[in-house]
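See structure below.
Note that the structure is predicted; figures quoted are calculated from it, not measured.
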Amino acid sequence: MTFASFIAQLLNGLAGASSLFMVAAGLSLIFGVTRIVNFAHGSLYMLGLYGAYALLEGLTTRLFVFGGFGRTPLGFWAAVVIASLLVGLVGVLIEVLVLRRIYRAPELFQLLATFAVVLVIKDVALAVWGAEDLVGPRAPGLSGTVLILGRRVPQYDLALIVIAPLVLLALWLALTRTRWGALVRAATQDREMVGALGVNESWLFTGVFFIGAMLAGLGGALQLPREPAHLGLDLALIADAFVVTVVGGLGSVPGAFLAAILIGVVKAFCVALGTQSIAGFEISFSRLTLVVEFLVMAAVLVVRPYGLLGRPPVLQRAVGEAAPPLSPLPWQAWAPALVLLALVPLAMGEDRYLLVLLTDIFIFALFAVSLHVLMGPSGMVSFGHAAYFGIAAYAAALLLKRAALPMEIALLAAPVVAGGFALLFGWFCVRLSGVYLAMLTLAFAQIAWSVIFQWDEFTGGSNGMIGVWPSAWLASKTAYYWLALALCGIGIAFLWRTLFSPFGYALRAGRDSPLRAEAIGIDLRRQQWFAFALAGALGGLAGALFAFSKGSISPELTSIALSTDGLVMVLLGGVETLTGPVAGAAVFTWLKDELARRTEFWRALLGLVILALVLLFPQGIAGGLRLLWHRLRRQEAA
C-alpha cells in the first residue's frame, strides 16, 4: 500500500467514525447517568436519517413556497439540525412515557422496554416511509472531491472529519463548564449521592436523554449523503454503537471518540487490503469488515476489562431487595401438564399449524430456560446466546449432510459441539461482568455468525442449507412433536434439577455475594464457566431440534435478532422464577406468530403488548402472577 493510499483510507475511516462517535457518545451519556442499556438508540439514529430525508424533500418540493431551498447549503444543514432536534424530542417522549415509570424496576426490564420501543419505531417508519431504501441527495456545496496526494477524497468526508471533533469539544465544554455538566458527571460517578443532595433526578434524566437522542439523530442525519435510509439500520447500528461504547469505556465520551476512530480506521484498512497471501494462506480482509469491530472489542476487553478510558463501576449505596429464593417445582405440578401436552395430537388430530406452533414453543422454551440459567442463578447476562443455538443447528445439518451420519446421532452430537464452543467462549467471558460480559458474548456470537455467513463452501453461506429432515420414523408432525416434547421436557427438567444441586446453590451464592462465596472456598469463576458450557449445550439441543423441525437452516439462527428474542422471552416471563422463561417463550412465540399472520405492522403491536406487560408486571408474567397470588393469600389470611 502506497503512502497516498494509506492517507486516503485513513481519511475514509475517520469520516466513517464521525457518525459512529456521535451515536456512541449519546449512548454513553445515557448509560452513564441512568444505567440503562438503551436498545432503542439505533432506532433514534434511523429516525435521524429518515427525518433529514423527509425534511429535505419537504424543503425542496411541498412544504415551502420558495422551492429549491432544500438544495441549498443552508437548507441541507437546517434539515440536519431540525431532524436531530426532533429525534431529541422523541427521546424525551421515550424517557417520560416509558422509562420514567419503571426506573425502580430491575435494569433488565428497562432493557426489555427499550427493545419494545425498537419494534414500535420500526413499524412507524414502515408506515410513514415504506419498505424501500430511500437515497438522499448529496450535500450542496460539498458534492465534489479534493485532490490529496494524487487521490480524490470527497469534500463531505472531510467535513465529517471536522464536525466530529467540534461535537466532542461542545460536549466537553458542556460537561466541564456548566452546572448541568457537573451534575451529569456527578451522577455518572455516584447517582445516589446526587439524589440525596436534592437534585431533581427526573429533569436530569430527561435532559440527558434529550442530548443523547439528539446526538444519535445528528449522527443519522449526517449520514444521509453517504448511505440510504432503510429499516434495517436500527439493529445493525446499535451493535456497532454498543461496541464503540464498550471499547471506549462506559460513560466516557472521550473514550467513545477514541474507540470510534480506532474501529472506523481498522474497518477502512480492511477494505483497502482486500485479499492478501500470508504464509501461504489467502486471507480476505474485506470480509473481515463484517466482524472486525467485534474482534477489536474482544481483544480490548481481554486486555482492559473496562475499555480504553473506562473505570471500574462504582458500588451503589442503595441496596435493592435481594432476589427471592427459587422454589423447587414438584413433579405433581408439571407432570399433568406434560401428559396433557402429549395428548394434544390425539385430541386435535393432525392439525399441522397447532403441532408446528407447539413444537416451536417447546424448542424456544428450552432455549429460554438455558439462557435463564445464565441470567438468573449465575448472574451473567448474555447478548449472544443464539450462537450456540445456531452452531448446534449447523453441526446437526453438517453431520447429516456432509458426514452422512444418521439423524439420531447428529441430533445428539450437535449439543456437544455447541457445548464445546460455549466452553471455549466462556473461558474469556466469565472473566468480565455486567455490560462488558454481555458485549463480549455478543462479540463471540457475531464472530460465529460471520464464519457461517461467509464460509460458502462448507456452510452454504448466506443461502444456508436445505434438506435437513428427520428420519423416516419421525417424518410426521405428530411423531416429531412427541420427540420435541420429550427432549425439551428432559432438558428443562435437568436444568431445573441442576439449580437445586450443590452446583446450583454455589452459582447463586456467587451471584448474591461473590466475596463471601470466594471466602468460603467456592471457585466462582470455574462454577460460572461450567454454567456457561451447560447453558450453551442445552441451548444447542434446542437449535438442533429446530433445524430438523424446519428442514432448512440459515445464518439468522446465530444473529443478534434471535439472541434478542431469547432475552425478551426470559425477561417477559420473569428472571426470578423457574417457570418464567417457559411462560415468556410461550407468550412471545405465540404472539409473534399470531400477529405476523394478521397484520403487516405486527412488530408495533408486539412492542405495545410487551410495553403493557412491562408496565403492569415489572417482575415478568410469572413473577407478577406469583406476587398477585401471594397478595390474595395474605388477604384471605387477614
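- The shortest distance between side-chain heavy atoms of D565 and K592 falls below 4.5 Å.
- Between the side chain of S43 and the backbone N or O of D234 there is no donor-acceptor pair closer than 3.5 Å.
- Looking at L233 and Q223, their side chains never come closer than 4.5 Å, going by heavy atoms from C-beta outward.
- By the side-chain hydrogen bond (donor to acceptor under 3.5 Å, both in side chains) test, T206 is found to be paired with E95, R100, residues two or more places apart in sequence or in another chain being considered.
- In this structure a side-chain-to-backbone donor-acceptor pair under 3.5 Å is missing from T558 to A387.
- To the nearest 0.5 Å, atom CD1 of residue I36 and atom CG of residue L27 are 11.0 Å apart.
- Taking every heavy atom of both residues into account, S382 and L374 meet most closely at CB-CD1, 4.2 Å.
- Put simply, the side chain of F209 reaches to within 4.5 Å of the side chain of I30, judged on heavy atoms.
- Proximity of a side-chain donor or acceptor of R431 to a complementary backbone N or O of V302 within less than 3.5 Å is not detected.
- Distance check, rounded to the nearest 0.5 Å: CZ of F210 to CG of L29 gives 13.0 Å.
- Using a 4.5 Å heavy-atom cutoff, the side chains of L119 and W602 are not in contact.
- How far CD1 of I238 is from CG of L442: 10.5 Å, rounded to the nearest 0.5 Å.
- In this structure the side chain of L134 never reaches within 4.5 angstrom of the side chain of E57, judged on heavy atoms.
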>> For a side chain to side chain donor-acceptor pair (under 3.5 Å) check, start with the C-alpha distance between T145 and R152, then their side-chain angles and the critical distance, and finish with the verdict.
In response: CA-CA 6 Å; T145 58; R152 294 197 172 274; 3.3 Å; yes
>> Using the rule given for side-chain contact (heavy atoms from CB on, under 4.5 Å), can you reason through I211 versus M214, listing the C-alpha separation, both sets of side-chain angles and the distance that settles it, and then say yes or no?
In response: CA-CA 5 Å; I211 299 298; M214 185 185 69; 4.3 Å; yes
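- A donor-acceptor contact shorter than 3.5 Å links the side chain of T114 to the backbone of F39.
- Crowding of R226 atom CZ: a count of heavy atoms from other residues, nucleotides or ligands under 6.0 Å exceeding 12.
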>> Walk me through whether H41 and V23 qualify under side-chain contact (heavy atoms from CB on, under 4.5 Å).
In response: CA-CA 8 Å; H41 213 65; V23 179; 3.6 Å; yes
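- The shortest distance between side-chain heavy atoms of L222 and V80 falls below 4.5 Å.
- T564 has its side chain out of reach of V118: every pair of non-hydrogen atoms, C-beta onward, lies at least 4.5 Å apart.
- F257 and F21 have perpendicular rings, their planes meeting at more than 60° on a 0 to 90° scale where under 30° would count as parallel.
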>> Using side-chain contact (heavy atoms from CB on, under 4.5 Å), reason through F115 and V568 one step at a time and then give a plain yes or no.
In response: CA-CA 8 Å; F115 174 75; V568 172; 3.2 Å; yes
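- Counting non-hydrogen atoms of other residues, nucleotides and ligands closer than 6.0 Å to CZ of F453 gives a total of 12 or fewer.
- Scanning both residues, P228 and D133, for their nearest heavy atoms gives CB-CB, 4.1 Å.
- Of the possible polar contacts, one joining the Y436 side chain to the Y306 backbone as a donor-acceptor pair under 3.5 Å is found.
- Of all heavy-atom pairs between K122 and M46, the closest is CA-CE, 4.3 Å.
- A donor-acceptor contact shorter than 3.5 Å is absent between the side chain of S28 and the backbone of A24.
- No side-chain donor-acceptor contact under 3.5 Å links D157 to the backbone of A15.
- To the nearest 0.5 Å, the span separating CD on E227 from CG on L49 amounts to 6.0 Å.
- Ring geometry for F444 against F425 counts as parallel: the plane angle stays under 30°, on a 0 to 90° scale with 60° as the upper cut.
- The CE atom of M375 sits 11.0 Å away from the CD atom of E576 when rounded to the nearest 0.5 Å.
- If you take OG1 on T178 and CG on L183, they are separated by 8.5 Å, rounding to the nearest 0.5 Å.
- Checked against the 6.0 Å centroid criterion, the rings of F294 and F242 do not qualify as a close aromatic pair.
- Between L175 and W180, some side-chain heavy-atom pair lies under the 4.5 Å cut-off.
- Distance alone, capped at 3.5 Å, is enough to place a donor-acceptor pair between the S18 side chain and the L160 backbone.
- When all heavy atoms of G75 and L56 are compared, the pair lying nearest together is O-CD2, 4.0 Å.
- V244 and A259 make their closest contact through O-CB, 3.4 Å (heavy atoms, listed as atom of the first residue, atom of the second, distance).
- Counting all heavy atoms, side chain and backbone alike, V87 lies closest to A213 at CG1-O, 3.3 Å.
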